[in-house]
A.B. asks: 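Below is one structure. I have some questions about it.
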Amino acid sequence: MVTRVELDPLRVECTFPNGTAWTAHLDTTPNPRLARDLAHGLVELIHPLGDIKTRIGAVQFASTIRRMVDELHQAGFSGGVEDLTKPIMLKYWMAVTGVRVQRTRGLLQGCGTRVDPALREYLDGRAVKMPPVGKPLEPYTEGEWQRIESALQGAVRQIFVDHGEVLALAKLGPDGHDDRQVFAWLLLNRGPLKLADAAREMGVSVDAFRNGVGAQYVAMRAALFPDVAAVYRLRILLGVYCGVVADGIRDLGLEDFTWAGDRTLLMDYIKNRRGPEGVNLSSRAVRLLERWLELSAPLRRFAPPESADHLWIFRAQQHVPGQPRGRLGVLSPITAHASGHKARQRIPSELGLMTDAGEPLQLHAGRIRTTYHNMLARRGWTGRTKIDPNHTTGVEGSHYVSTTTPAQAEAVETIIEDAQSDILRRARPATVLTETEAAEFAASRPEELPRLGLDEGAMAELLGGEMDVFTAACANQLAGLHGPKGKPCPARPWVCLLCPLSVFMPRHAPNLLRLKAYFSRQSRRMTVDQFLAVFGPYADRLDHEILPRFAPAVLEAASLEVADDDQELPLRPEEATA
């Protein structure tokens, strides 16, 4: 079945990815013509044509249709979508909330070319009202965070211990007098059999098996083949280790992981509000995933082909649509929302998690992400440039950077001009000199003197080391390229790599290699996108334009002075990597 509009009576029959269905009844509105047009717009918003994948989303948009039709009717409008004009909708939008503006815009966008062209300009542009921005999620306190991590580690450790015990028993074979040994071998070789199937394999009646050793069999089956509750604990712990929201990695497959070297694992996933993202996993997260793959290996042997490559595969307690009964399920859009939510609700009581005030502590996947970034910020700089980690770049730009006065607009224009000038300065090639070139620089490259703003006397001081900073020789620290003009340059050491006033010579090689080591340490702490945004241009200039200009003997001698430690660089506390 597909989502479609039925006219007698007017309704939208919705079908969702999880196999459920719901009908939106629209036959009681005072303007059936407009209601019918908007119903077709709703169809365009429901999966697979749009992003609405659950009943609650469809209910909200159906309610919006009824209210919009009623309110426009009260205002004297009786036509269809093609009769809606810009003045009518602007007046309507100014009278309703930002959430309703967003939903009605979506419905009209679904109506396509039937909407008046002048009105479509407002549908494609920025809304006259935006939905309210919620308060940023509060991170857990340090004590709560420690209790969450400790409780999850204990629970996950027990899962691995129980699994290992069953595997060890299974390796002893079926020829033994211990029922547990026989059960372990049977489960490992025949899969997660139901009680009735296991009883038949054992040659006993179902009732006798259930009343006798049934509980023992069920416990061993749960240990060898984890259920959704065990899998969710693993996902939450992974979020604690790497700051990824558990729901964001629900649908990962084995192909979403890439090894970069022997110890570095890259994970690609989809964040609903931002799209594709990637993260360089910490060593703890890598080890957790490796152990999970070992634990889930027996389960994958009996999984259907379409499920075996899912990362978070689990033994379904109940029947999953599209899966063999009594067998396996995966954390997919079909089962994750209900199963994951219930498992998350049970975890605090099962693990005895409490707030600092002694009240039950609720687990919130988004707060785990926020707390992870907050804890990183306490230990050192994370490279995060946004105000709130829960906001997309677009939201932050709309709510924190949008201009509202002429003075603010002029300030933004000034920032843009400065940025464009900075881009042009960065495009200039780096000035790198060998010892011989340094001695002949003024004579061989006279065009550089005006650019650097130096005469021959000042050039001699530059080449002689009297104007050295940490990274290079600086032609003029008071030029004001990165700070107030006439004041010493406040730029960080790596900024010199792209500064047109910098001159690099062999005596700077040790510090340049220290910067290279610092970039390497930061790349292990940050996601690829974060590193490229913060350090990418500097690392690229250093690796491809500056260091290759030095002789191998110079770099080899300089490398002996590098200890690969933050103490070697003039860093601020928030910039440290340790």
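Hydrogens, waters and symmetry mates play no part in the numbers below; they use all other heavy atoms, side chains included. In this chain, numbering begins with 1 at the start of the sequence shown.
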A.B. asks: Determine the minimum heavy-atom distance between V231 and I313, stating which atoms define it.
C.D. replies: CG2-O, 3.7 Å

A.B. asks: Check whether the side chains of R105 and Q102 place a donor and an acceptor atom closer than 3.5 Å, and report yes or no.
C.D. replies: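 Judged by distance alone, the side chains do not pair up.
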
A.B. asks: Please determine if R287 and E290 form a salt bridge, counting it only when a charged side-chain N lies under 4.0 Å from a carboxylate O.
C.D. replies: yes

A.B. asks: Without swapping roles, check the side chain of S523 against the backbone of S520 for a donor-acceptor pair under 3.5 Å.
C.D. replies: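 Between the backbone of S520 and the side chain of S523 there is a qualifying donor-acceptor contact (under 3.5 Å).
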
A.B. asks: Is it true that atom CZ of R55 has more than 12 heavy atoms of other residues, nucleotides or ligands lying nearer than 6.0 Å?
C.D. replies: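 Open.
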
A.B. asks: Return the minimal non-hydrogen interatomic distance between T3 and H47, and the atom names on each side.
C.D. replies: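 In this case the closest contact between T3 and H47 is OG1-O, 4.5 Å.
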
A.B. asks: Between Y140 and Q146, is a side-chain hydrogen bond (donor to acceptor under 3.5 Å, both in side chains) present by the stated rule, with each step listed?
C.D. replies: CA-CA 9 Å; Y140 291 107; Q146 290 175 350; over 6 Å; no

A.B. asks: Is D27 salt-bridged to R11, going by a charged N under 4.0 Å from an acidic O?
C.D. replies: no

A.B. asks: Between the main-chain N or O of D564 and the side-chain N or O of E568, is there a donor-acceptor pair closer than 3.5 Å?
C.D. replies: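 Yes; judged by distance alone, with no hydrogens or angles, the pair exists.
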
A.B. asks: Where do F16 and A58 come nearest, in terms of heavy atoms and distance?
C.D. replies: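 Answer, listing the atom of F16 first, then A58: CZ-CB, 3.8 Å.
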
A.B. asks: Mind checking what makes salt bridge (charged side-chain N to carboxylate O under 4.0 Å, His left out) contact with E144, not counting sequence neighbours?
C.D. replies: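 None.
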
A.B. asks: Do the side chains of D566 and Y518 get nearer than 4.5 Å, heavy atoms only?
C.D. replies: yes

A.B. asks: So, applying side chain to side chain donor-acceptor pair (under 3.5 Å) with T141, which one of T371, T355, D356 is it?
C.D. replies: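 The passing option is D356.
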
A.B. asks: Is the shortest side-chain N to carboxylate O distance from R221 to D227 below 4.0 Å?
C.D. replies: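 Not counted as a salt bridge, because no side-chain N and carboxylate O are separated by less than 4.0 Å.
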
A.B. asks: Using side-chain heavy atoms (C-beta onward) and a distance below 4.5 Å, is W494 in contact with E575?
C.D. replies: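 They are in contact (side-chain heavy atoms under 4.5 Å apart), so the answer is yes.
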
A.B. asks: Determine yes or no for a side-chain-to-main-chain donor-acceptor pair under 3.5 angstrom, with Q181 supplying the side chain and G173 the backbone.
C.D. replies: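 Indeed, once roles are kept as given, a pair shorter than 3.5 Å links the two residues.
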
A.B. asks: Between Y217 and V182, is any pair of side-chain heavy atoms under 4.5 Å apart?
C.D. replies: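 The answer is no, as the side chains (C-beta and beyond) never meet within the 4.5 Å cut-off.
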
A.B. asks: Within the distance-only criterion (no hydrogens, no angle test), does the side chain of R300 pair as donor or acceptor with the backbone N or O of H310 below 3.5 angstrom?
C.D. replies: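 Yes.
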
A.B. asks: For W312 and L238, which heavy atoms make the closest approach, and how far apart are they?
C.D. replies: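 Here W312 and L238 meet closest at CZ2-CD2, 3.9 Å.
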
A.B. asks: Does any part of the side chain of L289, heavy atoms only, come nearer than 4.5 Å to the side chain of L311, both counted from C-beta?
C.D. replies: yes

A.B. asks: Taking the side chain as everything from C-beta on, heavy atoms only, tell me whether L299 gets closer than 4.5 Å to L224.
C.D. replies: no

A.B. asks: Of all heavy-atom pairs between E149 and L237, which one has the smallest distance, and what is that distance?
C.D. replies: O-CD1, 4.4 Å

